[in-house]
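Working notes, beginning with the structure itself.
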There are 2 protein chains.
Amino acid sequence: MKISLTPQEIEKRLMDAGVQPTLQRIAICRYVLCEADHPTAEQVKDWAQQNLDKISQATVYNTMNALVDAGLLRALRLPHTEKVIYDDNIEDHHHFFDEETGRLYDLPEEQIDVRSKLPKKFKTNRVEVLFTGKVED
Amino acid sequence: MKISLTPQEIEKRLMDAGVQPTLQRIAICRYVLCEADHPTAEQVKDWAQQNLDKISQATVYNTMNALVDAGLLRALRLPHTEKVIYDDNIEDHHHFFDEETGRLYDLPEEQIDVRSKLPKKFKTNRVEVLFTGKVED
DNA sequence: GAACATATTTAGAATAGTTCTAAAGATATA
DNA sequence: TATATCTTTAGAACTATTCTAAATATGTTC
């Protein structure tokens with residue numbers, strides 16, 4: 001279900017988000033926005049080093065941070081790993097973690113209804129649900 | 001709302017869980033079970049180094065892992081920090097993170113009702129909700 | 001309670017993931 | 001075209017945690 005974007009479209013997205021569209025950034029976006037599924041920085045680095053002439057680890061990290069800061073990606077930290085996971089879904093949503101495959105699925109907001117009876121002093125800004133289990137094939 | 005335990009009660013808990021009750025472990029349990037509020041290993045180490053003659057970092061980590069493995073503690077990984085957070089509440093429950101104070105509150109299972117319409121192939125084992133916001137005083 | 005096996009603790013080295021530094025290179029601006 | 005500004009880079013540094021191997025403590029047997 002990933003979107004397909006031309007380099008020009010990616011360039012526009014970056015500019016609109018206030019990120020200067022360098023070669024490295026465009027390439028990384030091609031991967032994280034159009035191909036990857038909740039990648040870690042390491043996975044982005046591996047892909048980039050195979051698909052670009054030359055790119056440093058620092059640039060990968062710089063770029064991921066720039067994309068998160070610009071609001072084009074979200075950084076996730078989940079219980080099963082200490083690596084940051086990047087999510088190109090920037091809408092509010094929930095996650096299902098398949099503990100057998102290690103794969104993470106996005107669950108749209110609307111599919112989950114959370115009703116809470118918290119004491120009034122708890123003022124909630126965000127609610128995030130993590131389901132853990134397995135996905136049958 | 002923390003429980004108060006005598007060294008003997010702590011010793012018994014450790015034995016029942018199959019953990020040899022050494023001086024260091026009993027001391028750390030005194031802190032994590034009776035005093036601390038979602039501490040990190042670092043906080044446990046700081047407390048231990050102030051309150052015990054001498055304790056090494058390695059022992060703190062060894063002990064925390066032993067307690068988690070024995071089922072006396074749970075290890076949590078939350079979005080706002082890369083440090084592992086230890087929770088002495090080993091029941092299924094949810095969390096509220098106060099983004100102003102950095103404090104984490106346990107929310108009992110019963111206070112939260114999660115209704116989901118997931119496709120049938122998603123077989124859920126666990127559901128964890130993280131609320132983020134602020135707690136008024 | 002001495003002797004022995006087993007488990008725990010320790011200091012320090014090692015590792016993993018990420019960030020920092022400062023120099024070199026690219027890009028945009030005047 | 002010169003100049004200021006950003007980006008990239010290699011490598012060092014940093015943070016959280018784990019590993020290693022030696023020393024110490026604990027439990028067990030006679």
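A, B, ... follow the sequence lines: proteins, then strands. Residue 1 opens every chain.
- If you look at Phe97(A) and His80(A), their ring centroids are closer than 6.0 Å.
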Please list, pair by pair, any protein nitrogen or oxygen found under 3.5 Å from a nitrogen or oxygen in nucleotides 12-17 of chain C.
residue: dG17(C); atom: OP1; partner: Lys83(A); partner atom: NZ; Å: 3.0

With a 3.5 Å cut-off and sequence neighbours excluded, list the donor-acceptor pairs that the side chains of residues 112-131 of chain B form with protein atoms.
residue: Asp113(B); atom: OD2; partner: Arg115(B); partner atom: NE; Å: 2.8
residue: Asp113(B); atom: OD2; partner: Arg115(B); partner atom: NH2; Å: 2.9
residue: Lys123(B); atom: NZ; partner: Lys120(B); partner atom: O; Å: 3.2
residue: Asn125(B); atom: ND2; partner: Glu99(A); partner atom: OE2; Å: 2.6
residue: Arg126(B); atom: NH2; partner: Glu99(A); partner atom: OE1; Å: 3.2

N/O donor to acceptor pairs below 3.5 angstrom from side-chain atoms of residues 14-35 of chain B, sequence neighbours left out:
residue: Asp16(B); atom: OD2; partner: Lys12(B); partner atom: NZ; Å: 2.6
residue: Thr22(B); atom: OG1; partner: Arg25(B); partner atom: N; Å: 3.2
residue: Arg25(B); atom: NH1; partner: Gln20(B); partner atom: O; Å: 2.9

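- Whole-Å rounding puts the Leu14(B) CG to dT8(C) P distance at 11 Å.
- Atom CG in Leu52(A) sits about 17 Å away from atom P in dT7(D), given to the nearest Å.
- The pair Arg74(A)-Asp88(A) fails the salt-bridge criterion, with no side-chain N (NZ, NE, NH1 or NH2) lying under 4.0 Å from an Asp/Glu carboxylate O.
- Contact between Ile55(A) and Leu52(A) at its shortest, heavy atoms only, is CD1-CD2, 4.0 Å.
- Within the structure, no pair that satisfies the ring-ring contact (aromatic ring centres under 6.0 Å, His included) test touches residues 48-68 of chain A, not counting sequence neighbours.
- Distance Lys45(A) NZ to dG11(D) C1': 14 Å, rounded to the nearest Å.
- Residue Asn62(A) places none of its side-chain N or O atoms closer than 4.0 Å to OP1 or OP2 of dT8(D).
- Scanning all heavy atoms of the two residues, the minimum distance from Arg13(B) to Ile3(B) falls at NH2-CD1, 3.6 Å.
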With the sugar-phosphate defined as primed atoms, P, OP1 and OP2, and the base as all remaining atoms, what B/S/- string results for nucleotides 25-30 of chain C, 5' to 3', for protein heavy atoms under 4.0 Å? ------
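- Using a distance-only test at 3.5 Å, with no hydrogens or angles considered, no donor-acceptor pair links the side chain of Gln49(B) to the main chain of Asp46(B).
- Atom CD in Gln49(A) sits about 9 Å away from atom P in dA10(D), given to the nearest Å.
- A donor-acceptor pair is defined here as one N or O able to donate and one able to accept, closer than 3.5 Å; such a pair exists between the side chain of Asp98(B) and the backbone of Val135(B).
- Between Met15(A) atom CE and dT7(D) atom P the separation is 11 Å, expressed in whole Å.
- In this structure, Asn65(B) and Ile55(A) both approach DNA chain D, and ranking their closest nucleotides by distance from the 5' end singles out Ile55(A).
- Nearest heavy atoms, Leu104(B) versus Ile85(B): CD2-CG2, 4.3 Å.
- As a whole-Å value, the separation of Leu76(A) CG from dT18(C) C1' is 17 Å.
- Across every non-hydrogen atom of Thr40(B) and Tyr86(B), the tightest pair is C-CD1, 4.3 Å.
- In this structure, Ile26(A) places its CD1 atom 15 Å from C1' of dT8(D), rounding to the nearest Å.
- One interatomic measurement links the two molecules: CE of Met64(A) to C1' of dT7(D), which rounds to 17 Å at whole-angstrom precision.
- Of the possible polar contacts, none joining the Gln50(A) side chain to the Trp47(A) backbone as a donor-acceptor pair under 3.5 Å is found.
- A heavy atom closer than 4.0 Å to some atom of DNA chain D occurs in no member of residues 97-106 of chain B.
- At least one side-chain nitrogen or oxygen of Thr59(B) sits closer than 4.0 Å to the OP1 or OP2 atom of dT10(C).
- Between Gln24(B) and dT10(C), a side-chain N or O to OP1/OP2 separation shorter than 4.0 Å is present.
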